[in-house]
Number of protein chains: 2
Amino acid sequence: MTGNIFHTLRDDIENGIVTGEFEPGERLDETQLAKRFGVSRTPIREALMQLSATGLVEIRPRRGAVVVDPAPQRVFEMFEVMAELEGMAGALAARRHTEEDRSALMAAHDKCKEAVASEDTDRYYYENEIFHRAIYAASHSGFLEDQCSALHRRLRPYRRLQLRVRNRMKVSFKEHGEIVEAILAGDADGARERLRGHVAVQGDRFGDLIANLSNRERRLG
Amino acid sequence: MTGNIFHTLRDDIENGIVTGEFEPGERLDETQLAKRFGVSRTPIREALMQLSATGLVEIRPRRGAVVVDPAPQRVFEMFEVMAELEGMAGALAARRHTEEDRSALMAAHDKCKEAVASEDTDRYYYENEIFHRAIYAASHSGFLEDQCSALHRRLRPYRRLQLRVRNRMKVSFKEHGEIVEAILAGDADGARERLRGHVAVQGDRFGDLIANLSNRERRLG
DNA sequence: GTCAATGTTTTTGTATACAAGAAGCGATGT
DNA sequence: ACATCGCTTCTTGTATACAAAAACATTGAC
């Protein structure tokens, strides 16, 4: 299992960023990370290079790597694109889903239901990911699935913030229900529109997002 | 201007891949590349790491980097996603374009016209890129612009193949005209649909793509 | 007390060294 | 002739070394 240290490191650091252990704007000291993970700077650098290519960290010449801190405007744009891609995945899923996709989707939906019943937002957060991944898989477009997964992952921290908003979990689950219905009915346009609406940050949710972002800003500053 | 060798290297290698100098499936020997670019293996590896994160090369443990050779199915999926994203960019551009966007778009369109008039497919290929970039910019969504640019770049080699198909340049230009019209008229849905159709590889174009891909396959094998 | 200049320290960027796995190759045995 | 085993060589993965730039601190002038 050797020859993959940088791979593990990349996942670890990415995870640290996504979970908020490394906060946006924080500088990532190579030597420090090397000590922490018990390796030399070389694989650390290689991991950081990969993360910089995916947009999670920024490498400024001679000044090291920092966790990118996207402006609220850009976070909004990311959700906007995510909404479009998920809508596309939903439309394809409606047309192409197999029996297995159907089972997986319904199973994921049920798990979400349990989370809602027990009012466990953490669990809902977790099951929600599986639900969305089931849709990506049902699209039967490997590339789209990859793109969706990557963006979904990048938006993790913000989605987590959103779930904190009162009643968001219940509303989200209700939307899931309509999405499942459209997909299983083979209603491509319906699935697209419902997923778009589910993911996009519009109306009140836009305000909520901005508020959460500036809260964090204040907490950091 | 020091501290950016790996950055330059990344662009150079990426360019080599996109232009076909490094062919799909080809192994990228670190030592060889290092000698060729007159640097040590370290920055070469860092460049390759970045390229692997963007999906252009694959790094197999202990076996080095190879230029990825996506299956025809996957290339098709990439065009499918590209069509969706460009459609989105077009829709946003229709709603948000400014006076400068309008000028840039029309200027790019005119340049394409010149290329068509002189029957210069290489030039059309070049001006076409600028035209599409003008649309991304007019969407006024920085993130969408980045995503579109990245995917557009990745699809370069295949787009080049497509232009070789008889009459494709003229048809493409005609479609451009309708796209410009829709965007400048503020017709978001029209712009979206026209761009989707322009980019997607459907009908005859699908067959052309597959044929070109397998030609290349044969040439390599 | 503030600011600038200069020297010191820290940190990045690149090269090199070294260890270990993979690939190639030849000898040997059947 | 062909497969297999072991050896050699090549290549990758990681650590370390070193040079140069940036951050930092100290000192001195005003």
Side-chain angles (χ1 to χ4, degrees), chain A residues 1-18 21-70 220-221, chain B residues 1-18 21-70 220-221:
Chain A
M1 197 51 164
T2 176
N4 267 40
I5 288 187
F6 66 85
H7 187 273
T8 312
L9 286 173
R10 175 169 65 76
D11 289 351
D12 284 354
I13 298 175
E14 178 174 332
N15 226 43
I17 293 172
V18 161
E21 186 188 352
F22 302 118
E23 305 198 12
E26 183 176 342
R27 196 155 141 275
L28 297 170
D29 186 290
E30 295 175 4
T31 315
Q32 216 168 296
L33 288 171
K35 229 188 303 186
R36 162 169 174 173
F37 289 106
V39 297
S40 83
R41 277 175 52 222
T42 308
I44 296 282
R45 278 183 68 87
E46 293 178 348
L48 290 176
M49 288 295 168
Q50 298 208 64
L51 292 177
S52 91
T54 60
L56 232 77
V57 311
E58 192 190 335
I59 296 182
R60 300 162 308 173
R62 284 273 171 206
R63 310 203 43 210
V66 296
V67 181
V68 297
D69 187 11
L220 291 177
Chain B
M1 197 52 163
T2 176
N4 267 44
I5 286 186
F6 65 86
H7 188 274
T8 312
L9 285 173
R10 175 169 64 77
D11 290 351
D12 283 355
I13 297 175
E14 177 174 334
N15 226 43
I17 293 172
V18 161
E21 186 188 352
F22 302 119
E23 305 198 12
E26 182 175 343
R27 193 152 144 276
L28 298 169
D29 185 290
E30 295 175 3
T31 314
Q32 214 168 299
L33 287 171
K35 228 188 300 187
R36 162 170 173 172
F37 289 106
V39 298
S40 83
R41 276 175 52 219
T42 308
I44 295 283
R45 277 185 68 86
E46 293 178 349
L48 290 176
M49 289 295 169
Q50 298 207 63
L51 292 177
S52 92
T54 60
L56 233 75
V57 311
E58 192 189 337
I59 295 183
R60 299 162 308 172
R62 285 274 172 205
R63 313 204 38 212
V66 296
V67 180
V68 297
D69 187 12
L220 290 176

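Nearest heavy atom pair, residue R27(B) against residue V66(B), reads CA-CG1, 3.9 Å. Across all non-hydrogen atoms, the minimal contact from L48(B) to I59(B) is O-CD1, 4.0 Å. In terms of heavy-atom proximity, L9(B) sits nearest to A47(B) at CB-CB, 4.0 Å. When all heavy atoms of D69(B) and G25(B) are compared, the closest pair comes out as CB-N, 4.0 Å. For the pair T31(A) and R41(A), the tightest heavy-atom approach, listed with the atom from each and the gap, is OG1-CD, 3.9 Å. Between F22(B) and I13(B) the shortest heavy-atom distance is CD1-O, 3.9 Å.
At a non-hydrogen distance threshold of 4.0 Å, R41(A), R45(A) from residues 37-46 of chain A come into contact with DNA chain C.
dA21(D) atom P lies 12 Å from atom CD1 of I5(B), rounded to whole Å. Rounded to whole Å, the distance from CG on L33(B) to C1' on dT14(C) is 16 Å. When rounded to the nearest whole Å, the span between CD of Q50(A) and C1' of dG13(D) equals 14 Å. Note: NZ (K35(A)) to P (dA15(D)) measures 15 Å, nearest angstrom. Atoms CZ (R60(A)) and P (dA23(D)) sit 8 Å apart, rounded to a whole Å.
For the atom pair I5(A) CD1 and S40(A) OG, the distance stands at 8.5 Å (nearest 0.5 Å). Atom CZ of R45(A) sits about 12.5 Å away from atom CG of L28(A), to the nearest 0.5 Å.
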Are there any protein N/O atoms within less than 3.5 Å of an N/O atom in nucleotides 8-11 of chain D, and if so, which ones and at what distance?
from    : atom 1 : to     : atom 2 : distance (Å)
dT11(D) : O3'    : R27(B) : NH2    : 3.2

